[in-house]
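The structure displayed is predicted, hence computed values, not measured ones. Hydrogens, waters and symmetry mates are skipped; everything else that's a heavy atom, side chains included, is used. Within every chain, numbering begins at 1; the chains are lettered A, B, ... in the order of the sequence lines, protein sequences first and strands thereafter.
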Amino acid sequence: MAAPDFRLHNTLTRKIESFSPEDGKTVRIYSCGPTVYKPAHLGNFRTFMFEDLLRRVIALRGWKIFQVMNLTDVDDKIIKSASERGISISEVTTPITKIFHADRAFLRIEDAELYPKATDHIPEMIAIVERLVERKLAYLADDGTVYFAIDKFKGYGKLSRLDTREVKAGARVLQDDYSKENAQDFALWKAAKPEDEASGAAWDSPWGRGRPGWHLECSAMAMKYLGETLDIHCGGIDLIFPHHEDEIAQSEGATGKPFSRFWCHGEFLLTDGSKMAKRLGNVATVQDLRDQGVPAAAFRHFVFSTHYRKQLNMSSDALEASIEGVRRLADFAARLAEAKAATPELEKIAEETDAEVTAALFDDLNAPIALGALFTFVRRANAELDRNGVDKRALEKAREVFARINSVLDVVPEAAGPDPELARWVEDRLTARKEARAQRDFARADSIRAEIEGRGVAIEDSPQGTKWKKLR
RNA sequence: GGCGCCGUGGCCAAGUGGUAAGGCGGCAGACUGCAAAUCUGCUAUUCGUCAGUUCGAUUCUGACCGGCGCCUCCA
């Protein structure tokens, strides 16, 4: 079988290109992770879910994966928070990191292979700065800060395609730092201030006490764990500039090799038509989702219903539609599990679906198309199951395909956990209702049903008897 | 000002130079004692507006209108 083509959009070229791992086996990915000073919001998680989708599609394609996601545990906001509260930066970041992993687990985002922390890689960062200084791409300014000299690196701007000469009128005004040679030079290593020392955010370096600049950690950790040229580097679209542009400059400046073969960026999640951002105060978190009883599967459905490179506006209507859609998938999953056999036609339908979904996912992660095909499959398969076939192989095929698709999208809600007390009660009430129905006392039967539904249980009569399920 | 994205039915959202996937919702029917679930049918002569290219454009080009993002805190 010829290996299927796997295509991905590359920000470097702004084109969809054929992708395969450098070594033919393992895809080495670096994803920019969260800054752990506050719980990540759903916008952040949209990006992490896009990366999760990428992982799972890569696995579906048959490649191994080694993904590194950093945890930024030293930066201005962390230091500010620590010094305001009179604690160390690790006292700020440790609990937030815990929340991050719990939220991630709730959203069914698979574990990356590694979650390195910036503060564990200070020597590696210093080594990069030393190389850059040696190569004259970086300089020590009067204020003790080491800057990267962007005009010494000829590829600067190639990712973001920003013309470095043509700066603004309408853009935010630069806060000119007199020590810099060029206003756009960025800090590699910042001289320590008293609050840095107080909060444990300062280290020894050849340039005195200080701390790393924002971009440096990613270059250091990516290259340490994935080599000097990565297969894929991904993150949110806002990281293209300056973060990723600067990562390229410092990494390639230090090694002379391409830093990453592919750059992939996920679009924003909007709320009320504008970017979800902590400073705009329109953020929603995983906790909000939980409080509103939105299942993880529904949020995944919602996110995957739009292509990852397109902005997605979050609204309660859209979320509600996803909750319903995903409920349908859960019912179908249960039906597939309970079925004994199906019509032979189901096998062909499953095969068609499999091919369609795979093709969509391998074409720049087109999850919306994959979801559409999945729902078409559910409808067609339900129709076949209604016909009570006897073909066991067809049923097996349908199960296999459904499981494979769900292994990527992961959009089937978990069944409610067992509740023996509730089960006993419902079964008891159902017996009473059955008696009433047998006596054609429908008023009584209906009042029992209302009673059962009052406890959040839905019942469905069928020729095989009455089934019930806990809602949400 | 520079760079870029988007505008498809009530809501969400795919898509192609040849005549509009899918989901939610709604309507009708089948099934049911009635429901629920499921199935079936219907629900955009039309894809922001106006021009142009073309035998033919929602899909290409241009202008305009509207929304959003980036231009060193940012997923």
Side-chain angles (χ1 to χ4, degrees), chain A residues 14 31-35 40-51 75-77 160-172 174-175 183-187 214-215 234-243 245-246 265-270 273-280 301-302 305-307 309-313 315-329 331-332 334-335 356 360 366-376 378-380 382-387 437 440-443 445-446 449-450 453 458-463 466-469:
Chain A
R14 312 284 153 120
S31 316
C32 283
T35 298
H41 61 249
L42 296 178
N44 299 316
F45 278 111
R46 181 188 184 195
T47 297
F48 302 143
M49 279 174 60
F50 135 64
E51 290 155 357
D75 97 313
D76 292 359
K77 280 173 289 202
S160 55
R161 301 193 174 181
L162 288 176
D163 188 333
T164 54
R165 331 209 64 190
E166 182 128 15
V167 191
K168 52 219 88 181
R172 272 175 262 165
L174 286 173
Q175 301 201 335
Q184 289 182 78
D185 289 348
F186 59 90
W214 173 30
H215 319 297
C234 42
I237 193 165
D238 53 339
L239 296 185
I240 293 174
F241 189 87
H243 189 231
E245 195 68 64
D246 291 349
H265 295 94
E267 255 293 357
F268 284 132
L269 179 67
L270 313 180
S274 63
K275 173 182 173 176
M276 185 180 287
K278 286 165 188 166
R279 62 174 167 148
L280 296 179
H301 171 100
F302 167 67
S305 68
T306 300
H307 188 89
R309 284 189 291 108
K310 207 173 159 184
Q311 293 179 349
L312 171 61
N313 194 206
S315 67
S316 56
D317 280 0
L319 235 31
E320 206 51 50
S322 288
I323 289 169
E324 267 313 302
V326 122
R327 189 230 84 227
R328 190 154 194 266
L329 296 179
D331 283 358
F332 176 72
R335 187 175 189 191
E356 200 180 334
N366 198 328
I369 290 277
L371 271 178
L374 177 61
F375 275 91
T376 300
V378 169
R379 178 174 49 73
R380 295 175 76 190
N382 266 324
E384 292 305 324
L385 290 169
D386 280 352
R387 291 167 58 203
R437 292 178 74 206
R440 304 193 66 75
D441 182 355
F442 296 122
D446 289 350
R449 177 169 59 202
E453 286 171 351
I459 66 179
E460 296 172 15
D461 293 326
S462 80
T466 299
K467 285 187 288 198
W468 65 274
K469 66 176 179 186

Output the rounded distance in Å from [atom1] ([X]) to [atom2] ([N]).
X        : N     : atom1 : atom2 : result
A/Leu319 : B/C24 : CG    : P     : 15 Å
A/Lys310 : B/A75 : NZ    : P     : 24 Å
A/Arg46  : B/C74 : CZ    : P     : 20 Å
A/Glu267 : B/C70 : CD    : P     : 10 Å
A/Ile369 : B/U16 : CD1   : P     : 8 Å
A/Leu329 : B/U38 : CG    : P     : 10 Å
A/Leu312 : B/C68 : CG    : P     : 16 Å
A/Leu269 : B/A75 : CG    : C1'   : 10 Å

Roughly how many Å apart are [M] and [N], using the [atom1] atom of each and rounding to a whole number?
N     : M     : atom1 : answer
B/A57 : B/A51 : P     : 13 Å
B/A14 : B/C24 : C1'   : 15 Å
B/C11 : B/C47 : P     : 16 Å
B/U49 : B/G66 : C1'   : 10 Å
B/C68 : B/G15 : P     : 23 Å
B/U19 : B/C27 : C1'   : 27 Å
B/A13 : B/U54 : P     : 35 Å
B/U53 : B/U61 : P     : 15 Å

The side chain of [X] lies closest to which of these nucleotides: [options]?
X        : options             : result
A/Arg379 : B/U40, B/U38, B/G69 : B/U40
A/Glu460 : B/C12, B/A75, B/A36 : B/A36
A/Phe268 : B/A14, B/C70, B/C12 : B/C70
A/Gln311 : B/U38, B/A13, B/C68 : B/C68
A/Asp238 : B/G33, B/G69, B/A75 : B/A75
A/Thr376 : B/G22, B/U72, B/G33 : B/G22

*RNA chain B: A/Ser160 or A/Ala443, which has the more 5' nearest nucleotide?*
A/Ser160
*For A/Glu324 and for A/Glu453, find the nucleotide of RNA chain B with the closest heavy atom, then tell me which residue's nucleotide is more 5'.*
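Between the two, 5'-proximity favours A/Glu324.
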Looking across every strand, which nucleic acid part, if any, lies under 4.0 Å from [X] by heavy atom: base, sugar-phosphate, or nothing?
X        : answer
A/Leu239 : sugar-phosphate
A/Arg437 : base
A/Asp246 : nothing
A/Arg327 : sugar-phosphate
A/Ala383 : sugar-phosphate
A/Phe375 : sugar-phosphate
A/Gly266 : nothing
A/His265 : nothing
A/Leu374 : nothing

Main-chain N/O of [Y] paired to [X] side chain as donor or acceptor, under 3.5 Å:
X        : Y        : value
A/Arg437 : A/Ala445 : no
A/Asn44  : A/Ala40  : no
A/Asn313 : A/Leu270 : yes

Looking at [X] and [N], is any side-chain donor or acceptor paired with a base atom of the opposite kind under 3.5 Å?
X        : N     : value
A/Arg449 : B/C34 : yes
A/Asp317 : B/G25 : no
A/Asp461 : B/C34 : yes
A/Arg440 : B/G33 : no

Does [X] place a side-chain N or O at less than 4.0 Å from the phosphate oxygens OP1/OP2 of [N]?
X        : N     : answer
A/Lys275 : B/C70 : yes
A/Arg328 : B/U38 : yes
A/Lys77  : B/C74 : no
A/Lys469 : B/A37 : no
A/Arg387 : B/U38 : no
A/Trp214 : B/C74 : yes
A/Asn366 : B/A21 : no

Is there a Watson-Crick or G-U wobble partner for [N] with both distances under 3.5 Å, and which nucleotide is it?
N     : answer
B/A63 : B/U49
B/G9  : none
B/U16 : none
B/G25 : B/U43
B/C68 : B/G4
B/A30 : B/U38

How many angstroms lie between atom [atom1] of [X] and atom [atom2] of [Y], to the nearest 0.5 angstrom?
X        : Y        : atom1 : atom2 : result
A/Gln311 : A/Ile237 : CD    : CD1   : 7.5 Å
A/Ile323 : A/Phe302 : CD1   : CZ    : 11.0 Å
A/Arg46  : A/His41  : CZ    : NE2   : 11.5 Å

*May I ask you to decide if the ring planes of A/Phe186 and A/His215 are parallel, tilted or perpendicular, using 30° and 60° as cut-offs?*
perpendicular
*Aro-ring/base stack A/Phe442-B/G33, d under 5.5 Å, angle under 30°*: yes
*Is A/Asp386 paired with A/Arg335 through a side-chain N to carboxylate O contact shorter than 4.0 Å?*
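Counted as a salt bridge, because a side-chain N and a carboxylate O are separated by less than 4.0 Å.
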_Tell me whether A/Asp331 is salt-bridged to A/Arg327, with the criterion being a basic N under 4.0 Å from an acidic carboxylate O._
yes
_Over 12 non-hydrogen atoms of neighbours within 6.0 angstrom of CZ in A/Arg14_ =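 Yes, because the 6.0 Å sphere around CZ of A/Arg14 holds more than 12 heavy atoms from other groups.
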